[in-house]
Amino acid sequence: MAPQIRFFQGTGGKRIAYAVDGPLRGERPLLVFSAWWVSHLERDFDDPGFRGMFGRFAEHMTVVRYDRPGVGLSDRERPALSLEGELANLEALVQQLGAERVALFGGSCGGPPAIAYAARHPERTSHLVLYGGYACGPKLAPADLQQAMTGLVRAHWGLGSKALTDLFAPQHTTDERQRIAASQRASASPEMAAATLELIYRMDVSEVLGQIQVPTLVLHRKGDRAIGFDHGRQLASLIPGATFVPLDGDAHLPWLGDWNTVADAALAFLVPGRQPPALAHLPEGALGRTAPEVHRDENQFVREGEVWSIAFAGRRCHLKHARGLSDLSMLLSRPGEEIFVGKLMGGPDAPASAPAAPVLDERARVDIRNRLQQLDRAIADAEESADVVAAERARGERDALLRELRSATGLGGRRRALVDPVERARKAVSGRIRDSIEKIRGALPELAHHLDDSITTGSFCAYSPPRPTHWRV
């Protein structure tokens with residue numbers, strides 16, 4: 001049965017059509033889809049994939065979607081479009097529904113208004129789901145490509161809708177793509193479609209991502225050609241504690257292609273205690289935030305470009321790259337081993353001006369000499385037990401420390417009277433490790449507590465957990 005269609009008043013007095021599938025009163029959670037591209041409440045429901053996906057959501061929640069002014073069943077007079085106007089319309093709809101709290105689903109260009117709402121109204125937002133979304137419209141495509149696309153839509157909506165469909169559904173059949181293109185043309189005029197496309201390229205919520213306080217799930221298909229995969233990954237990395245689930249496929253619209261996996265991932269996040277069967281096909285540990293007992297033994301600290309994917313005790317987060325995270329990764333990869341700060345400073349992220357011959361103060365010289373004695377004993381023990389690998393590793397570290405010690409002294413072993421860069425390195429490494437642990441604390445407090453108990457810093461840094469802990473790094 002098709003959902004009920006109603007109207008509310010949006011910005012500028014425009015009548016906005018919205019559809020409700022399920023009761024608005026009672027204990028059923030409410031899921032609001034912010035307006036996407038050019039929708040049509042009636043025609044969209046004719047699509048079997050659309051009907052199937054929204055039907056799945058409606059089995060567990062009351063689902064609300066709406067046509068923005070100028071498209072679909074809303075007033076067709078073209079309004080002046082802006083992010084603030086989109087947010088005001090979403091605020092008016094939630095007010096109309098009379099709900100204390102709602103879950104928001106921001107698909108594609110519906111993402112920025114949903115993000116803005118969650119940042120402004122955390123007390124009224126229970127969950128935030130972002131699918132195929134982005135934060136900064138100007139970065140979606142070069143300016144000349146943006147102008148060419150909006151110009152094509154405005155000049156020839158037939159060719160424009162076909163070009164967009166090629167991005168939205170590149171692997172679909174000719175008949176399916178013709179139907180998708182025809183639906184776009186029926187939903188909006190050429191001028192309205194072009195204005196909406198300009199709005200998409202103009203919306204930017206980058207500055208409020210760090211203010212999001214509500215549980216957030218980011219879904220993005222790896223082959224999405226309309227809004228590239230990296231935009232979704234960046235979203236997840238910049239929203240505190242967000243869970244990121246990469247999905248297979250290249251269809252941009254969520255109800256095209258394998259929509260069951262999209263629905264499964266979102267419902268597992270939105271409905272407490274629900275674990276749909278199709279979740280077996282999702283990336284391992286992807287929904288750690290809502291399923292804390294799943295894959296608890298897989299701890300991960302992996303860098304993917306400018307984003308770190310971190311998982312601990314069944315929970316996962318993504319953080320923007322920082323050198324302190326690189327330091328932690330090296331320590332986690334070598335549990336129980338003391339690593340000299342010069343090695344941490346000299347990693348791939350070291351600045352070009354890092355000193356090649358650090359000068360040691362008395363404290364650092366004593367630390368190195370003590371470490372050399374430990375390594376001499378380790379080499380002797382390894383040779384006695386015929387452990388060639390351990391012996392070579394200890395010799396390599398000993399040789400490196402001897403070079404460090406020799407470079408820090410003059411003739412006859414006299415200390416060089418220079419400013420101590422090793423002390424600066426000790427302070428720099430300790431500070432950035434501490435800062436990174438604090439960033440982790442906001443997303444994964446259990447991991448931060450574990451690192452507090454396990455990480456030591458100084459001239460030598462080490463990861464020594466109270467009990468053996470395995471990491472994938």
Measuring only between side-chain heavy atoms, which start at C-beta, is [X] closer than 4.5 Å to [Y]?
| X | Y | result |
| --- | --- | --- |
| R78 | S189 | no |
| D224 | F229 | no |
| V71 | W37 | no |
| H321 | W308 | yes |

NZ/NE/NH1/NH2 to OD/OE distance under 4.0 Å, [X] and [Y]:
| X | Y | value |
| --- | --- | --- |
| R233 | D230 | yes |
| K439 | D435 | no |
| R225 | D250 | no |
| R221 | D258 | no |

Look at the side chain of [X] and the backbone N and O of [Y], then say whether any donor-acceptor pair between them is shorter than 3.5 Å.
| X | Y | result |
| --- | --- | --- |
| D75 | P69 | no |
| S454 | L451 | no |
| S74 | A17 | yes |
| S183 | R179 | no |
| S436 | I433 | no |
| W36 | L253 | no |
| D67 | L73 | yes |
| S329 | L325 | no |
| Q211 | V208 | no |
| T196 | M192 | yes |

Between the side chains of N89 and R68, is a donor N or O closer than 3.5 angstrom to an acceptor N or O?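 Side-chain D/A pair, N89 to R68: absent.
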Sequence neighbours left out, what pairs pass salt bridge (charged side-chain N to carboxylate O under 4.0 Å, His left out) with at least one residue falling in residues 114-141?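 Qualifying pairs, neighbours excluded: E84-R120, E91-R120.
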Listed once per pair and sorted, the salt bridge (charged side-chain N to carboxylate O under 4.0 Å, His left out) pairs that draw on residues 193-210, sequence neighbours left out: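 Counting only pairs at least two positions apart or across chains, the salt bridge (charged side-chain N to carboxylate O under 4.0 Å, His left out) contacts touching residues 193-210 are R154-E198.
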Heavy-atom closest pair, residues [X] and [Y]:
| X | Y | result |
| --- | --- | --- |
| S309 | R316 | OG-NH1, 3.0 Å |
| Y463 | L331 | CB-O, 3.4 Å |
| Q184 | S161 | NE2-O, 3.5 Å |

Before giving the answer on side-chain hydrogen bond (donor to acceptor under 3.5 Å, both in side chains), spell out for H252 and S108 the whole-Å C-alpha distance, their side-chain angles and the decisive distance to 0.1 Å. CA-CA 8 Å; H252 177 60; S108 185; 2.7 Å; yes
[atom1] of [X] to [atom2] of [Y]: how many Å apart, nearest 0.5 Å?
| X | Y | atom1 | atom2 | value |
| --- | --- | --- | --- | --- |
| M203 | L83 | CE | CG | 6.5 Å |
| L256 | H172 | CG | NE2 | 4.5 Å |
| F105 | L217 | CZ | CG | 8.5 Å |
| F269 | L128 | CZ | CG | 7.5 Å |

Using ring-ring contact (aromatic ring centres under 6.0 Å, His included) as the criterion, point out the one residue from H220, H318, H231 that pairs with F244.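 That would be H318.
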Could you tell me how the ring of F54 sits relative to the ring of F50: parallel (under 30°), tilted (30 to 60°) or perpendicular (over 60°)?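 It falls in the parallel class, under 30°.
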Residue that, paired with V32, satisfies side chain to side chain contact (heavy atoms under 4.5 Å, CB included) out of L97, T125, T62: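 For V32, the side chain to side chain contact (heavy atoms under 4.5 Å, CB included) check succeeds only for L97.
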